[in-house]
There are 4 protein chains.
Amino acid sequence: METKDKKLKILEEAEQLFASQGFSGTSVREIAKAADVNVAMISYYFGSKEQLLMEIFRYRSDYLKTQVDDLLNNTSLSSWDKLDILVDHYVNKFSDNQHLHRIILREANMNCNTEICAFIMERKKTHYGMIRQFFEQGQERGEFNKEVNVLWLYTLLPGMTKHTLFNQDFMAVILEEETGKAPDNAELMQQTKDHLKQFYRKILEIK
Amino acid sequence: METKDKKLKILEEAEQLFASQGFSGTSVREIAKAADVNVAMISYYFGSKEQLLMEIFRYRSDYLKTQVDDLLNNTSLSSWDKLDILVDHYVNKFSDNQHLHRIILREANMNCNTEICAFIMERKKTHYGMIRQFFEQGQERGEFNKEVNVLWLYTLLPGMTKHTLFNQDFMAVILEEETGKAPDNAELMQQTKDHLKQFYRKILEIK
Amino acid sequence: METKDKKLKILEEAEQLFASQGFSGTSVREIAKAADVNVAMISYYFGSKEQLLMEIFRYRSDYLKTQVDDLLNNTSLSSWDKLDILVDHYVNKFSDNQHLHRIILREANMNCNTEICAFIMERKKTHYGMIRQFFEQGQERGEFNKEVNVLWLYTLLPGMTKHTLFNQDFMAVILEEETGKAPDNAELMQQTKDHLKQFYRKILEIK
Amino acid sequence: METKDKKLKILEEAEQLFASQGFSGTSVREIAKAADVNVAMISYYFGSKEQLLMEIFRYRSDYLKTQVDDLLNNTSLSSWDKLDILVDHYVNKFSDNQHLHRIILREANMNCNTEICAFIMERKKTHYGMIRQFFEQGQERGEFNKEVNVLWLYTLLPGMTKHTLFNQDFMAVILEEETGKAPDNAELMQQTKDHLKQFYRKILEIK
DNA sequence: TATGAATGAGACTTCATTCAT
DNA sequence: CATGAATGAAGTCTCATTCAT
């Protein structure tokens, strides 16, 4: 039990450090220090630094499994209601796992012949697959504008979420200038959701 | 003259390597080899590896200076025409400087107390400032919907461009699946522009 | 009983590994894995890696005790017959314990202030002592040429045996080239014995 | 020039250390200390510890090139005279390069898929090839007994030389006991030569 | 008694940089 | 001005051993 805690601690500290400093920019010493364990433990537990990274991916792999399924199967909600729920869910999950996403952003093209890259690509395809189904359902139901390409509709979601989340400092500065108040993370996420919904509504509505 | 060429060569090779492997992931030896110069040259010319990075930023700093000004001052074009030009220009410039953008993406939060971060922040603000003016002009002219927040309108532009460009492999795979043909870079950029324009039109139009 | 088996297993696996990879080149983890026991067992049972090596020597120490005595005391056989028996016996025993001999070969001069080196030296002296007696008996009996130095006569025995055994791959290659057939270990040992006997006969015969 | 000296120093110190402690048993730190250079120099000059070992082999590779050729082509000397010269030459060369030979003895079967093992095998074949020619010449000339197998005649030479040289301590102890005087290295080598010649004479003479 | 977990020491190697020329 | 040589620091990983159970 205690061992599992230590492994978890290492995993989480490493995730954070990799996210903020990059994989190459983070030494195992730093990780060990942050997790308050002996340096040798990282090799002992994970084999190597690279395998530790891989383990982080495995550890986080199931974070956005299939809650979208429920949404697809739900027949009582309109597609517009579902859209709100989807956006909220997506942005929340993304925000919750922002460390992982930052790592992906940084290291995606690192050694693209390794397991990790295959892993990331698979994840991307899975996520897209789910969300594509959602948009297609709305279009088939006749609620969403059929003229809009689904891949690019999807792109809006990670595109804007990522940009907001990974430019938080910039967004905060601007919003402070424009509204007089620096938003906290929750406030920023809320605005992201609101504007995503607004944009989707305008793009998908049938005039 | 020859010295300047060597410095330039180093700068460009370093930019590419930093973009693909990250700052920490790239050794000065690699850069020296790629630029076909002695290892000592890098310290000799730039002082240190970090100062070389800074120099890359300076070297690329002026890439999106003020062509937007012309657009703002132009009175013969409609805001919709200007929008098309802006999107084309933005995406083109972004694509041309994707190495730099990838570096920014990676290293933005590296050591955020250094000159580099201030530099990046300044750049972001400048870019936003220009594009904000453009949207505000369209709204003031009564051509764009005034209800939409300008900051989030702007967010769409870098958000979608970045996402497309830095997920090129994913986009290519999906597009190949859906259309039967893998797009090249130019084709992908064109689609990015087209859909950005489509989205902006739907978001900004006044019903 | 089971404990004894485990110790034995460790001993034998370690012997083999030390023989093929050397003492420093073999980790306790490898030994533990090969013997299918926990890593800690080795320190637990033997105290340390070095003491394990020592234990191997003790374990094998009695392999060539005193069968030569019988030969010396035997009065019905001629010295020439005895020579054949001695050579067969020596080469057989050597071959049976080749792992140990390889370790001695490798590590003889390791830390020559330790118990191991004293041990090896004692063994060498004992072996030589026995065989010297044999040659001296043959000379005293007037069957062997008295002009030949006994120490150097002895040298022939380990010298040729070791060279053949520890250059098995080379011998095999050459013999294959010369006879068209690669000899197996038994065949090679037989040839070693035959030629040793031939050489001894020619050296020791009285013209 | 000075650099070459440093490389040479490293090479020679490493050779000696590898010979006495084995490859795995010798750390690059030890080598660096012995050669009075920075630890990093070894990687800098040779790439790695293993490549350093390889370099030692290359450095020593030409030590017994073709002096035997002269002997073969010489028609004025009898085969018996040539034999004396050959034995002297062989033992001298072996003694001069005993460090290398000890390394070969130890590490021959280390990683027998590597360049080093191929290298050693090639060397062995070359040496044997030369000496085989010598014995065959003597047999063809009718001076040496044709009944004796040449491969095993050859075996006597490295077999006894190695055994004497690598059991110097034992030989010294015995010789001191038997003659009252501990022989130095030169004395031991001389005895090795003398007895080799004696043995060869008895084995090869035609009665 | 036996063992999985843990550790300090030290292994080899690469790093960015500096020095002497 | 330019560079090959050199270096101290730090990198990751493995080592034999010990500890707590």
Side-chain angles (χ1 to χ4, degrees), chain A residues 1-7 10 23-32 35-53, chain B residues 2-3 6-7 14 23-32 36-53, chain C residues 2-3 6-7 10 23-32 36-53, chain D residues 1-7 10 23-32 35-53:
Chain A
M1 195 50 150
E2 208 188 55
T3 293
K4 225 169 189 176
D5 287 352
K6 276 194 185 178
K7 277 188 85 163
I10 294 172
F23 179 77
S24 306
T26 305
S27 74
V28 291
R29 266 185 243 279
E30 280 178 285
I31 298 167
D36 196 29
V37 298
N38 187 288
V39 205
M41 292 255 58
I42 279 140
S43 291
Y44 180 70
Y45 278 149
F46 301 97
S48 71
K49 192 184 166 189
E50 200 146 336
Q51 282 174 275
L52 165 58
L53 177 59
Chain B
E2 209 189 53
T3 294
K6 276 192 186 175
K7 282 188 80 165
F23 178 77
S24 307
T26 305
S27 75
V28 290
R29 268 174 181 69
E30 278 179 284
I31 298 167
D36 196 30
V37 298
N38 186 283
V39 206
M41 291 232 56
I42 281 142
S43 291
Y44 183 70
Y45 277 151
F46 300 96
S48 74
K49 193 184 169 190
E50 201 145 334
Q51 284 174 275
L52 164 60
L53 177 60
Chain C
E2 208 189 53
T3 293
K6 275 191 186 176
K7 282 187 81 163
I10 293 171
F23 179 76
S24 306
T26 304
S27 74
V28 289
R29 266 173 182 69
E30 277 179 286
I31 298 166
D36 197 30
V37 299
N38 187 284
V39 206
M41 292 232 55
I42 280 143
S43 291
Y44 182 70
Y45 277 151
F46 300 96
S48 74
K49 192 183 167 189
E50 201 145 334
Q51 283 173 275
L52 165 59
L53 177 60
Chain D
M1 195 49 152
E2 208 188 53
T3 291
K4 224 168 190 174
D5 287 353
K6 277 195 184 176
K7 279 189 82 163
I10 294 172
F23 179 77
S24 306
T26 305
S27 74
V28 290
R29 267 184 243 281
E30 279 178 286
I31 298 167
D36 196 30
V37 298
N38 187 286
V39 206
M41 293 255 57
I42 280 141
S43 289
Y44 179 71
Y45 277 149
F46 301 97
S48 72
K49 192 183 166 189
E50 200 145 336
Q51 284 174 275
L52 165 59
L53 176 60

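Here is how names work: the chains are called A, B, and so on, in the same order as the sequence lines, proteins then strands, and each is numbered from 1. These numbers come from the heavy atoms of this one structure, side chains and all, not from hydrogens, waters or symmetry mates.
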Check the distance between [N]'s [atom2] and [X]'s [atom1] and give it to me in whole angstrom.
X: Asn38(C); N: dA5(E); atom1: CG; atom2: C1'; result: 10 Å
X: Asp36(C); N: dT3(E); atom1: CG; atom2: P; result: 10 Å
X: Ile31(B); N: dT17(E); atom1: CD1; atom2: C1'; result: 13 Å
X: Met41(D); N: dT14(E); atom1: CE; atom2: P; result: 14 Å
X: Phe46(A); N: dA5(E); atom1: CZ; atom2: C1'; result: 14 Å
X: Ile42(D); N: dC12(E); atom1: CD1; atom2: P; result: 9 Å
X: Gln51(D); N: dC12(E); atom1: CD; atom2: C1'; result: 13 Å
X: Tyr44(A); N: dT17(F); atom1: OH; atom2: P; result: 17 Å

- When we call it a touch if two heavy atoms are under 4.0 Å apart, what does Ser27(D) touch: a base, just sugar-phosphate, or nothing?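 Sugar-phosphate contact only.
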### Query
How is Tyr45(C) classified with respect to the nucleic acid when contacts are heavy atoms under 4.0 Å: base, sugar-phosphate, or nothing?
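Sugar-phosphate, backbone atoms only, no base.
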At what distance, to the nearest 0.5 angstrom, does [atom1] of [X] lie from [atom2] of [Y]?
X: Ser43(C); Y: Lys49(C); atom1: OG; atom2: NZ; answer: 11.0 Å
X: Tyr44(A); Y: Asn38(A); atom1: OH; atom2: CG; answer: 11.5 Å
X: Ile42(C); Y: Lys6(C); atom1: CD1; atom2: NZ; answer: 11.5 Å
X: Asp36(A); Y: Ile31(A); atom1: CG; atom2: CD1; answer: 14.0 Å

Checklist entry - Which residue lies toward the 5' end of DNA chain E, Val39(B) or Val37(A), if each is placed at its nearest nucleotide? => result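 On the 5' side of the pair lies Val37(A).
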key: Shortest non-hydrogen separation from Glu30(C) to Thr26(C) and the atoms involved   =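 Here Glu30(C) and Thr26(C) meet closest at OE1-CA, 3.5 Å.
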*asked:* Give me the atom names and distance for the closest heavy-atom approach of Val39(C) to Arg29(C).
replied: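 Minimum heavy-atom contact is CG1-CG, 4.0 Å.
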For DNA chain F, the dot-bracket notation using Watson-Crick and G-U wobble pairs below 3.5 Å, [ ] for pseudoknot-type crossings and | for other-strand pairs, is .||||||||||||||||||||
(Q) Run the side-chain contact (heavy atoms from CB on, under 4.5 Å) test on Ile10(C) and Phe46(C) for me, step by step, so that the C-alpha distance in whole Å, both residues' side-chain angles and the decisive distance to 0.1 Å come before the verdict. (A) CA-CA 10 Å; Ile10(C) 293 171; Phe46(C) 300 96; 3.6 Å; yes
Starting the side chain at C-beta, find the nucleotide from [options] nearest to [X].
X: Lys6(A); options: dT3(E), dT7(E), dT14(F); result: dT7(E)
X: Lys49(A); options: dT12(F), dT3(F), dG8(F); result: dT12(F)
X: Ala40(A); options: dT14(E), dT7(E), dC19(F); result: dT7(E)

First encountered from the 5' end of DNA chain F, between Val28(C) and Thr26(A):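 So the residue in question is Thr26(A).
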Q.
I'd like to know if Arg29(A) reaches the base of dA10(F) with its side chain such that a donor and an acceptor end up less than 3.5 angstrom apart.
A.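 Between dA10(F) and Arg29(A), which were checked side chain against base, a qualifying N/O pair under 3.5 Å is absent.
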